[in-house]
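Since we're looking at a predicted model, the values are computed, not measured.
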Amino acid sequence: MSEAVDWQVAVRRAGSLARPGPRGSRAELRALITVLRTAAREAPRHVGAITGLHAAAEAAARVPVYVVDRPRWAEANVEMFAHLTDGLLPGTTRPGAARIAGEEMGVVLSLLSTKVLGQFDPFTAEAPGRLLLVAPNVLHIERELDLDAMDFRMWVCLHEQTHAVQFAAAPWLADHLRSRMRSVVDEVADSDDALARIARAARAVVETLGSLRGEPRPHEMGGALVEAFLDEEERAAMGEVVAVMSLLEGHADVVMDEVGPARLPSVRRIRASFEKRRDGTSAPDVLLRRLLGMDAKVAQYRNGARFVRDVVARVGHDGLNAVWTGAEHLPSAAEIAEPDAWVRRVHG
């Protein structure tokens, strides 16, 4: 019996399909790498000043930083998935099944590798996590949107290093999320209706194609393909994971904007340009986002940011920081939509 996924096949396929990204002179690319590394080291100090999480910011400043290309980002995510699902996915005796699964994962990661600017990975075996900055994507976006390069690179690092600060402030959080996600995967892996789920996935592709003329369903938490594999109970469990992810993403979005024009003179222009780009309007882009859950990712940023801003307006960043003290203080899916309910429950 072999593993459910051939991870090396996933790495090779993603690497072979990932487009290299924009070209630049050797001096320009060397400067890009240097600026990103410098910004990544400086960003936690700004995050600490805004949030009051000074000790966590000092810890985040020591997190390993890797400036990578698209294939290396995909490889790092294969490593993360393998680590998260270790001993969880059932093996297979079907000839070629693990290779096919690896091929499929590689294709998806090659597509996503062109979209991601940076990623803090708290699940790696490399404690206390690692920060990945995808250099070609940063360069592509700043050129496409005609942004101030120094400001934009810091802005990206502020978002990702806010995640590093979050996990440093809540050392229990990575294990909490890991156990919740593994629980959902375990339920799916043990289910006996695999064929029915595959049929739902096929219908989801057709429905997504038909929905391009309209808006995604408001209850969507993941992509159409992800939801197709989850039953009602599993979706409820995933909903609580999504609530935490919404908090993390929204908190990072708020912090990166609160640094303000004194440090980042073009921050408002960056935000306006970036929000417009996030909405992507071409049919292939919309299809990809809906199938893979990127629409839901944008919703996480916006719903989480709304929650964070409302809570900070009521109890300040010090009051919001209660979320990092224990799992019982994390907002539920319902509380993300109603910040007052979280404030009442946690602060009375």
Are the charged groups of [X] and [Y] less than 4.0 angstrom apart, N to O?
X    : Y    : answer
R314 : D340 : yes
E335 : R345 : yes
E79  : R72  : yes
R271 : D253 : yes
D121 : R130 : yes

- line: Here the gap from I33 atom CD1 to E28 atom CD, rounded to the nearest 0.5 Å, amounts to 11.0 Å
- prompt: How long is the gap from CG on L112 to CG on N137, to the nearest 0.5 Å?
  reply: 10.5 Å
So, the side chain of [X] versus the backbone of [Y]: is there a donor-acceptor pair under 3.5 Å, distance only?
X    : Y    : value
R99  : D6   : no
W342 : H347 : no
D310 : P339 : no

- request: Considering non-hydrogen atoms only, spot the tightest contact between D318 and T51 and give its length.
  value: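 Minimum heavy-atom contact is OD1-O, 4.4 Å.
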- request: State, to 0.1 Å, how close A252 and H163 come at their nearest heavy-atom pair, and which atoms those are.
  value: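 Distance-wise, the nearest heavy atoms are CB-CE1, 3.7 Å.
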task: Using the ring pair (Phe, Tyr, Trp, His ring centres under 6.0 Å) rule, collect all pairs that involve residues 114-134, keeping only residues at least two apart or in two chains.
output: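 Found F120-F167.
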query: With sequence neighbours left out, which residue pairs that include part of residues 236-263 fulfil the ring pair (Phe, Tyr, Trp, His ring centres under 6.0 Å) condition?
result: H251-W324
query: Going by distance alone, is a donor N or O of one side chain under 3.5 Å from an acceptor N or O of the other, for D151 and S266?
result: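 Side-chain D/A pair, D151 to S266: present.
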task: Verify the cluster assignment for L173 and V241: are they in a single hydrophobic cluster under the rule of side-chain heavy atoms below 4.5 Å apart?
output: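 Hydrophobic grouping puts L173 with V241.
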- prompt: Is V9 linked to L17 within one hydrophobic cluster, defined over Ile, Leu, Val, Met, Phe, Trp and Tyr using a side-chain heavy-atom separation of less than 4.5 Å?
  reply: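 In one cluster with V9: L17, no.
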- prompt: What is the ring orientation for F274 with F152, classed by angle as parallel under 30°, tilted 30 to 60°, or perpendicular over 60°?
  reply: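 Judged by the thresholds at 30° and 60°, the geometry between F274 and F152 is tilted.
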message: Which residue is it: Q161, R263, R37? I am looking for the one with a side-chain hydrogen bond (donor to acceptor under 3.5 Å, both in side chains) to E42.
response: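 So the option named by the test is R263.
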